[in-house]
Structure formats: structure tokens, C-alpha cells
Amino acid sequence: TAENPDREQVELRAFDAYTGRLILGRGYVLRTTQHVEQASQRFCAGLMQELTGRSGFFTSELAFVRKTDADKDIYICTPQGRSLRSLVDLDGYCLSPAWSADGQQLAMSFVGQDRHEFVIWDRQNASIRRTTLPGNTIISPTFWPGQGWVVSVDPRKSPDIFTLNADLSLGQPLVEHWAIDISPHFDAQGEAMVFVSSRFGNPHI
């Protein structure tokens, strides 16, 4: 703008190609390259909201395992691959990252030099909590909507699926069986859980 040469004002509009109807119109003030990315994400989120009733994809972050020199660390980025950054850098292997329903926490299993740990990263203060659990392995944490964290551990030889208490201690078993039971995942309402089991000889859902 003439008043501020370091600031640009843009207007973005999306129209229905057949009717010419305005679907969405937004204005943005841009000062940095980061503002350009944020404006494009917000506009796409608004357009997706208008078309589908949901906007979460363009305002979400993906968490994934990335191999570094001798470790495996947790990185996050936007669905478009932007804003890539390291989230958790520990001396060992960070595996199976899982978001809480509100996106404020990220849980993972950590394989260190001599033990497995359950780790939670908190977005509010960028801190992490670490704890060991009974048994030798901690596998595939997931979030149970309305309830909290669930994880597969092996306090009785083969892995079973347990809830975790608020202090991250081991809670109640959800699945106990002589077979290997891992990789729990819940539907959005928290009413049904799928998991992988070896009780039929091979991995089955």
C-alpha cells in the first residue's frame, strides 16, 4: 500500500463456475512470506468449510517419524509440507506419534538405549513428560476421545491394550488375551475400537 510499502492487501474470491455465485471472499494484509502461507491456508480452510462443512485439513499439522543421524525423531509440518520442524529430539527412536483429539498433546513410544518409555509433548509450553510402564515394550499409543490415552504394553508377557491414568500410570485393561494385541484406534465418537491381534495365527484386525 502507499501508506506502508512493506504491507500488501489482497482479496481472494472463489466462485461457482456454473452459476457465478460467490462461494467465499476474504481479505488479508500481508507483511511477510509467512503471512502469505497463513492467508492461503486460512482461505483454503474457509473454502473447504463452505463446501464440506469441515475445515480441519488445512489448519492441521501432520506428525511423523524422520530418521536423523543415529536416531528417529518426531517432526511436524502442514499437510502441504510447509513449516517443517523438529518437535521431539531424544537420544533413541521415537515411534508411533499420535495426536490428542484437540491437537494440544502428542504421544509417542520411545525406544532408548535400555528401556521403552511413553512420552507426551504438550503444545502449551512445548514440554515433554516421560514415563516407564510395567513390562518391556510400549507400542502404538492412541487417544480415546473423552477418555484419554490408550497404549499396548506387555506386563503379562504378551502385549495387551490398557488405558493410562491422568498421571500416566497403567490403568484398566481393554483387551487381555494370550495373543499379541496392538495398534488400537477409536472412531471419532469413542464408541468402537479396532486393533490388530495374532489370536488367529496371523495379524488380523
Side-chain angles (χ1 to χ4, degrees), residues 1-69 71-90 93-110 118-130 140-150 166 185-192:
T1 62
E3 298 82 6
N4 189 339
D6 295 328
R7 184 178 69 179
E8 295 288 343
Q9 293 180 341
V10 299
E11 293 184 5
L12 302 177
R13 298 185 181 94
F15 294 89
D16 186 304
Y18 291 100
T19 66
R21 179 181 65 89
L22 176 66
I23 300 174
L24 180 68
R26 297 272 175 88
Y28 302 94
V29 176
L30 310 177
R31 293 185 176 89
T32 67
T33 301
Q34 185 177 11
H35 289 168
V36 175
E37 294 180 2
Q38 291 173 350
S40 65
Q41 290 173 3
R42 290 174 183 172
F43 183 80
C44 289
L47 182 59
M48 187 174 181
Q49 178 72 38
E50 291 293 325
L51 296 175
T52 69
R54 296 186 176 187
S55 63
F57 176 79
F58 288 98
T59 56
S60 63
E61 288 180 306
L62 303 179
F64 59 95
V65 177
R66 187 179 190 184
K67 192 176 187 310
T68 55
D69 294 334
D71 302 328
K72 289 184 177 180
D73 301 321
I74 302 299
Y75 280 71
I76 61 173
C77 67
T78 68
Q80 298 80 24
R82 302 186 181 118
S83 303
L84 176 67
R85 65 188 188 278
S86 173
L87 196 68
V88 176
D89 182 5
L90 301 175
Y93 284 10
C94 295
L95 304 170
S96 304
W99 289 108
S100 60
D102 60 4
Q104 294 303 303
Q105 292 184 329
L106 183 74
M108 68 206 73
S109 57
F110 173 68
F118 179 79
V119 178
I120 289 184
W121 172 83
D122 190 280
R123 185 185 297 276
Q124 186 172 7
N125 51 23
S127 65
I128 62 171
R129 288 193 293 164
R130 303 167 62 171
S140 55
T142 193
F143 190 80
W144 185 1
Q147 301 293 329
W149 294 104
V150 172
H185 190 76
F186 294 87
D187 67 344
Q189 291 73 37
E191 296 179 354

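One-based numbering along the sequence shown. Every value quoted in this text rests on a predicted model; they were computed, and no experiment measured them. Only heavy atoms go into these numbers, but all of them, side chains included; no hydrogens, no water, no symmetry mates.
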Tell me, do Leu47 and Leu12 make a side-chain contact under 4.5 Å, heavy atoms counted? no
Is it true that atom CG of Asp69 has more than 12 heavy atoms of other residues, nucleotides or ligands lying nearer than 6.0 Å? no
Do the numbers put Arg42 on top of the ring of Tyr28, so that NZ or CZ is under 6.0 Å from the six-membered ring centre and no more than 45° off the axis? no
Would you mind reporting whether Ile76 and Arg85 have side-chain heavy atoms less than 4.5 Å apart? yes
Given 3.5 Å as the limit, does a donor-acceptor pair link the side chain of Arg123 with the main chain of Gly103, or not? yes
Reported CG-to-CD distance for the pair Leu24 and Glu50, which is rounded to 0.5 angstrom: 5.5 Å
Judged by modelled atom types alone, do Asp73 and Thr68 share a side-chain donor-acceptor pair under 3.5 Å? yes
Would you tell me whether Gln80 and Thr78 have side-chain atoms, one donor and one acceptor, within less than 3.5 Å of each other? yes
Name all residues meeting the side chain to side chain donor-acceptor pair (under 3.5 Å) criterion together with Thr33; count only those two or more places apart in sequence or in a different chain, and write none if there are none. none
With rounding to the nearest 0.5 angstrom, report the CD to CZ distance, Glu61 to Arg82. 13.5 Å
Do Phe57 and Cys44 make a side-chain contact, defined as non-hydrogen atoms from C-beta onward lying under 4.5 Å apart? no
Go through the steps to decide whether Asp122 and Arg129 satisfy the test side chain to side chain contact (heavy atoms under 4.5 Å, CB included), and finish with yes or no. CA-CA 8 Å; Asp122 190 280; Arg129 288 193 293 164; over 6 Å; no
Counting only N and O atoms by type, is there a donor-acceptor contact under 3.5 Å from the side chain of Asp187 to the main-chain atoms of Ala192? yes
Checking ring pair (Phe, Tyr, Trp, His ring centres under 6.0 Å) between Trp149 and each of Trp144, Trp99, Phe186, Phe143, which is the one that passes? Phe143
Closest heavy-atom pair, Cys77 versus Leu84, reported as atoms and distance to 0.1 Å, is CB-CA, 4.0 Å
Shortest non-hydrogen contact from Pro141 to Ser109? CG-N, 4.0 Å
Close side-chain approach of Leu95 and Lys72, heavy atoms under 4.5 Å: yes
Can you tell me how far CG of Leu106 sits from SG of Cys94, rounded to the nearest 0.5 angstrom? 9.5 Å
Quick check for you: to the nearest 0.5 Å, what is the distance between Ser96 atom OG and Ile74 atom CD1? 8.0 Å
To the closest 0.5 Å, what do you measure between CD (Glu11) and CZ (Phe43)? 11.0 Å
Answer yes or no: are there more than 12 heavy-atom neighbours, outside Gln34 itself, under 6.0 Å from its atom CD? no
Please report the interatomic distance OH(Tyr75) to CG(Asp89), rounded to the nearest 0.5 Å. 7.0 Å
Does a side-chain heavy-atom distance below 4.5 Å link Lys67 with Val65? no
Nearest heavy atoms of Trp121 and Ala126, plus distance in Å: NE1-CA, 3.7 Å
Counting only heavy atoms not in His35, do more than 12 sit closer than 6.0 Å to its NE2 atom? yes
Minimum heavy-atom separation for Phe118 and Ala107, please, with both atom names. CZ-CB, 3.8 Å
